[in-house]
Amino acid sequence: MIIKINGVQKEYANEASLFEIAKDNEVKNALAAKVDGNLVEMRSKLDGNDHEIEFVTFQDKEGKKLYRHTASHILAQAIKTIYPTSKLAIGPAIDDGFYYDIDFKTPITTENLEAIEQEMKKIIKANYPLERFELPRDEAIAYMKKFGEDYKVELINDLPEDAVISFYKQGDFVDLCAGPHIVNTKLIKAFKLLSSSGAYWRGDEHNKMLARIYGTAYSSKDELKAHLDHLEDIKKRDHNKLGRDMQLFTTVDVIGQGLPLLMPKGAKMIQTMQRWIEDLEDNEWGYMRTKTPFMAKSDLYKISGHWDHYKEGMFVLNEGREDKDVMALRPMTCPFQYYVYKATQHSYKDLPCRYSETSTLFRNEDSGEMHGLTRVRQFTISEGHLIVRPDQMVEEFKRCLDLAKYCLEVLGVEEDVTYHLSKWDPDNREKYIGEPEVWEETEGHIRDILNDVGVEFTEDVGEAAFYGPKVDINAKNVYGKEDTMITIQWDALIAEQFDMYYIDENGEKKRPYIIHRTSMGCYERTLAWLIEKYAGKFPTWLCPEQVRVLPISEKYADYAFEVEKELKRNGILTSVDNRAEKIGFKIREARLEKLPYMLVVGEKERDDKTVSVRSRFAGDEGVKPLSDFISQIAEEIRMKEIRKEIPLEERK
RNA sequence: GCUCCAAUAGCUCAGUCGGUAGAGCACUUCACUCGUAAUGAAGGGGUCAGCGGUUCAAGUCCGCUUUGGAGCUCCA
């Protein structure tokens, strides 16, 4: 047979094995092979025909996947050995490792993981081959029943009629599995069990909760160590840790879950962003500011539909008191701004009406859902609604996307987001209102806009709002989990519900369209994202303390105080605690790591009205007149410049 | 909401077999007046998250509550 490998054709005996071909081509550590593009195990027999072969090693994505999938089988075998009464569910490979879901008779804890790891090592050392075999459906079910593997029986029952039902055997352990796998257990060179937690069977909260054990595996101990070090590193960027350490926010048990307190530094950062966004929207993008109540009578939410569909998610007040109106804290701003629109009559010439509000919202999230600053019960969002004529919709929607993109660029995070066109699900029509043709057409418009703006995006079925499709802009946190940062929604239907209209050129009432949008999302979540993005080393304009003035001795405190006052007069943030009053000899305290600038003053600087500038961007910037430094930093702040960092060890 | 883990000084953490609490950093005071990642000395600071139980005795064992963490589910 002729085998084409790495673009070269070679002749092999018809019975040649993949191992022989790999060896002949000096491919080491082959875990599997792609024969004409189909992934097969190394042990697979070739049929003697001509083929193109590509070997898969751990360096390949597929290689990592099957390597770790085999590791998950070893985990399962170890567990069945130690806990014979446990029942296995599923055990796939995931991005950075693998997991196995198991139903234990008695709960498992972190301490048990070590014993399981030891057992896994034994299995690896025993070097069991992984052998595949297939069974007809009836026999497969009977076989799994014999082992008491109820979940596997359920899985088999759900397989399509014509599915091949295969098993993998290693030693005396057998697992239902489609494969492929690596050939024996000893190929697993390095692994680690990382954590255990709960997970619902088949991801359904009505099902039993199983124990999920997470682990990872690498082809060498060094790679594993590098990965574990990386996990330690990202913990240091975790906003929930770093944000507290940096005194940006805190939580208090008597205040409650999901209600973080922004401390002076965190509040200052949010104020900086808020002032920027409000001025930007109002002065450059044609928005009008509103300021609407944080709560309303239940009547409002009955019109909007929230009372029926979202009551559980709202904080309801006065319920059960007959002498009081039942109120609810607002979970969104939409209907409030609709009533601002409705307060006056609008000509077609008045549209688009672009309303924006720095809006605080309240959502009664379930107790287990809160996390740091990214999932909270009260948050503040740059929320806006654009009331537009249908003919203006495409242009206005695009402008919303342009604005969002601009905000991301200024924050320096435009590379870190993914764009999504969230579509309806035609197979689940009762979840949505409106006609299929309208959905298709609208989604087409948004697709064109995304292409026009020139961003890459995915199309996600079933992610739309019930009233229309939307663009979601998501970002990953340091642990790789995605959060929606920005959303822009197309709504051609809600105006009807609130009886909103404008008068067209013929004097007739017409329904406007609505865009629900945010420009930079919610401030708390964005702050969290910035902390992780910059590991606390923010661009100067965002820093809560942009400059610290340090006299080398108390003798020069007067001059330091003078410098600090001059900086403040120019809108430059020095200390947030009015420390100038008590400025002392604090030179040793100053760490440039997270501080953009440090001004050191002594006798020479006082006499010459200069400052010695140190920055984390350039190290020692030398002695300059105070006025020169002020112009320099003021410009950097005004331009929202993101100066490039110089690592500490390389600074002068 | 679910499974598991945790809670000791402002922060990071020790605290063995159940026998009335300890360090470093921070804070205060004094001394030092120093040119860029930690000056020296002294001092203050704890109802061991809360409530209940077991016990002669509970930071330690048990239960409930609250808060925090990991993950699942949810996020109109």
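The chains referred to below are lettered A, B, ... by the order of the sequence lines, with proteins before strands, and numbering in each begins at 1.
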Between A:Phe629 and A:Tyr597, is the gap from one ring center to the other below 6.0 Å? yes
How does RNA chain B look in dot-bracket notation if pairs are Watson-Crick or G-U with both distances under 3.5 Å, crossing ones as [ ], other-strand ones as |? (((((((..((((.....[..)))).(((((.......))))).....(((((..]....))))))))))))....
Going by heavy atoms in the side chains, are A:Glu532 and A:Ile234 under 4.5 Å from each other? no
When the P atoms of B:G53 and B:A58 are considered, how many whole Å apart are they? 12 Å
Pull out every residue in residues 514-521 of chain A that has a heavy atom closer than 4.0 Å to any atom of RNA chain B, ordered by number, or say none. none
Whole-Å distance, A:Asp245 CG to B:U12 P, equals 7 Å
Syn-anti status, with the boundary at 90° from 0, for the nucleotide B:C61: anti
Can you find a donor-acceptor N/O pair under 3.5 angstrom joining the side chain of A:His306 to the base of B:A76? yes
Any side-chain heavy-atom pair from A:Tyr151 and A:Leu210 closer than 4.5 angstrom? yes
Work out how far the P atom of B:G43 is from that of B:U55, and round it to whole angstrom. 43 Å
Pick the P atom in B:G71 and in B:C30, then give their distance to the nearest Å. 49 Å
Using side-chain heavy atoms (C-beta onward) and a distance below 4.5 Å, is A:Gln378 in contact with A:Leu329? no
If I pick the P atom on B:A38 and the same atom on B:G22, what distance separates them, to the nearest angstrom? 30 Å
Backbone of A:Pro596 reached by a side-chain donor or acceptor of A:Arg643 within 3.5 Å: no
Mark yes or no for whether A:Gln337, through its side chain, and A:His385, through its backbone, hold a donor-acceptor pair below 3.5 Å. yes
Candidate pair A:Phe315 and A:Phe362, rule ring pair (Phe, Tyr, Trp, His ring centres under 6.0 Å), full reasoning: CA-CA 7 Å; A:Phe315 290 100; A:Phe362 305 84; 7.1 Å; no
Under 4.0 Å, counting only non-hydrogen atoms across every strand here, what does A:Ser612 touch: a base, just sugar-phosphate, or nothing? base
Which sits closer to the 5' end of RNA chain B, A:Pro331 or A:Ile255, going by the nucleotide each is nearest to? A:Ile255
What integer distance in Å separates A:Arg377:CZ from B:U67:P? 8 Å
Whole-Å distance, A:Ile213 CD1 to B:C5 C1', equals 14 Å
Just distance, no hydrogens or angles: give the donor-acceptor pairs under 3.5 Å from side chains in residues 363-372 of chain A, sequence neighbours left out.
| residue | atom | partner | partner atom | Å |
| --- | --- | --- | --- | --- |
| A:Arg363 | NE | A:Pro331 | O | 2.9 |
| A:Arg363 | NH2 | A:Pro331 | O | 2.9 |
| A:Glu365 | OE1 | A:Arg375 | NH2 | 3.0 |

Check: A:Glu524 side chain, A:Thr380 main-chain N or O, donor-acceptor pair, under 3.5 Å: yes
Determine the interatomic distance between C1' on B:C74 and the same-named atom on B:G1; round to the nearest Å. 9 Å
Residues of residues 417-434 of chain A with any non-hydrogen atom less than 4.0 angstrom from an atom of RNA chain B: list those, numerically ordered, please. none
So, for A:His516 and A:Tyr467, is the gap between ring centers shorter than 6.0 Å? yes
Taking atom types as they are modelled, is there a donor-acceptor pair under 3.5 Å from the base of B:G35 to the side chain of A:Glu605? yes
Rounded to whole angstrom, note down the P distance from B:G18 over to B:C56. 16 Å
Could you check if a side-chain atom of A:Thr374 sits within less than 4.5 angstrom of a side-chain atom of A:His239, using non-hydrogen atoms only? yes
Start at the 5' end of RNA chain B and walk down; is the nucleotide closest to A:Tyr556 or to A:Leu210 reached first? A:Leu210
Check side chain to side chain donor-acceptor pair (under 3.5 Å) between A:Ser382 and all other residues, then give those that pass, not counting sequence neighbours. A:Thr518, A:Ser519
Gap in Å between the two P atoms, one belonging to B:G35 and one to B:A49, rounded: 45 Å
Measuring from A:Asn207:CG to A:Glu154:CD, what's the distance to the nearest 0.5 Å? 7.5 Å
Do A:Glu603 and A:Tyr556 have side chains that get closer than 4.5 Å, going by heavy atoms? yes
To the nearest Å, how far apart are A:Asp253 CG and B:A6 P? 19 Å
Between B:U47 and B:G59, how far apart are the two C1' atoms, rounded to whole Å? 12 Å
Sub-4.5 Å side-chain heavy-atom contact between A:Tyr99 and A:Pro92: yes
Sequence-aligned protein contact record of nucleotides 68-75 of chain B, with B where the base is within under 4.0 Å of a protein heavy atom and S where only the sugar-phosphate is: SSBBBBBB
